[in-house]
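So the structure is just underneath, and the comments pick up after that.
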Amino acid sequence: MKGMIVYRILSFFVNLFAVLLAVSLLPVISMALASPPVAMMAFLMVGVILYAWYSNVFFSIVIIRKEQFTRRKKDWLVVNSFLAIVYSFLYTFVCIVVITHPDILRTTVNQLPVKVSTRFMENVVITMLSFSTILLVHIFWTYYLIRKNKDSIIDDTPTDTE
């Protein structure tokens with residue numbers, strides 16, 4: 001369990017990020033009905049939130065309590081991790097482009113209806129890049145833990161006793 005302290009710290013940041021996504025998802029839902037690209041981002045955000053939930057469930061059941069984990073929950077974890085990977089790669093790419101081309105950020109900030117400093121938006125971009133990287137590392141570490149503890153995953157299909 002000592003080697004898992006870094007994983008738990010990463011999990012804390014993933015959970016913090018998932019809570020922020022959940023709060024920001026509320027106004028996005030109404031916009032998602034009007035715009036397909038926003039709907040896609042909302043779908044990916046839900047995937048990240050569900051990934052955070054199921055990775056916590058996996059960690060608490062399999063790693064901490066040493067109990068069995070159902071295949072259905074594992075499938076939920078893996079599917080939502082795919083969505084989280086897409087979300088993370090997308091934001092990583094966008095953040096790298098914005099960092100390497102600061103004129104894009106300046107132009108965007110100048111077009112906003114609300115006055116926002118460019119420095120603040122640079123900090124937001126760096127924070128998003130950090131969260132995306134942490135999320136990717138967490139996902140691949142979770143894959144490692146799933147593979148390492150594959151004996152703890154059981155089928156949850158009901159057996160026919162009649």
Open item on the list: If hydrophobic clusters are built by linking Ile, Leu, Val, Met, Phe, Trp and Tyr wherever their side-chain heavy atoms come under 4.5 Å apart, do I146 and V79 end up in the same one?
Closed with: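 Per the 4.5 Å side-chain linkage, I146 and V79 are not co-clustered.
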- [ ] State yes or no: do L77 and I154 share one hydrophobic cluster built from I, L, V, M, F, W and Y residues joined by side-chain heavy-atom distances below 4.5 Å, directly or via other members?
- [x]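 Each belongs to a different hydrophobic cluster.
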TODO: Please name the pair of heavy atoms, one in S88 and one in S132, separated by the smallest distance, quoted to 0.1 Å.
DONE: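 In this case the closest contact between S88 and S132 is OG-O, 2.6 Å.
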Side chain to side chain, [X] and [Y], heavy atoms closer than 4.5 Å:
X: Y54; Y: K74; result: no
X: F59; Y: Y7; result: yes
X: L136; Y: F89; result: yes
X: Q68; Y: I153; result: no
X: L145; Y: V62; result: no
X: D75; Y: V78; result: no

[atom1]-[atom2] distance between [X] and [Y], expressed to the nearest 0.5 angstrom:
X: I5; Y: S11; atom1: CD1; atom2: OG; value: 11.0 Å
X: L105; Y: N110; atom1: CG; atom2: CG; value: 9.5 Å
X: L135; Y: F140; atom1: CG; atom2: CZ; value: 9.5 Å
X: L112; Y: T107; atom1: CG; atom2: OG1; value: 11.0 Å
X: I126; Y: M121; atom1: CD1; atom2: CE; value: 12.0 Å

I'd like to check the side-chain contact (heavy atoms from CB on, under 4.5 Å) partners of [X]; sequence neighbours left out, ordered by chain and number.
X: V94; answer: V98
X: R65; answer: I61, E67
X: S60; answer: none
X: D151; answer: none

Without placing hydrogens or testing angles, list every side-chain donor-acceptor pair under 3.5 Å for residues 38-51, not counting sequence neighbours.
from : atom 1 : to   : atom 2 : distance (Å)
Y51  : OH     : H138 : O      : 3.3
Y51  : OH     : H138 : ND1    : 2.7
Y51  : OH     : I139 : N      : 3.4
Y51  : OH     : T142 : OG1    : 2.9

Using the side-chain hydrogen bond (donor to acceptor under 3.5 Å, both in side chains) criterion, which residues pair with [X]? Sequence neighbours excluded.
X: N149; answer: none
X: Y143; answer: S81
X: R71; answer: D155
X: N56; answer: N15

Give every donor-acceptor pair under 3.5 Å between a side-chain atom in residues 19-37 and any protein atom, sequence neighbours left out.
from : atom 1 : to  : atom 2 : distance (Å)
S24  : OG     : L20 : O      : 3.2
S24  : OG     : L21 : O      : 3.0
S30  : OG     : P27 : O      : 3.0

Open item on the list: If hydrophobic residues (ILVMFWY) are linked whenever their side-chain heavy atoms come closer than 4.5 Å, directly or via other members, who joins I104 in its cluster?
Closed with: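 Grouped by the 4.5 Å side-chain rule, F93, V97 form the rest of the cluster around I104.
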- [ ] Could you check whether the rings of Y87 and F17 sit parallel, tilted or perpendicular, using 30° and 60° as the cut-offs?
- [x]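 Geometry flag for F17 against Y87: tilted rings.
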- [ ] Tell me, yes or no, whether the heavy-atom count around F13 atom CZ, taken from other residues, nucleotides or ligands under 6.0 Å, exceeds 12.
- [x]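 Check fails, neighbour count at 12 or below.
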Open item on the list: Looking at W141, I want to see if its CH2 is surrounded by more than 12 non-hydrogen atoms of other residues, nucleotides or ligands under 6.0 Å.
Closed with: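 Yes, enclosed.
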Side-chain polar contacts of residues 113-120 - donor-acceptor pairs under 3.5 angstrom, sequence neighbours left out - could you list them?
from : atom 1 : to   : atom 2 : distance (Å)
S117 : OG     : F120 : N      : 3.1
R119 : NH1    : E122 : OE1    : 3.0

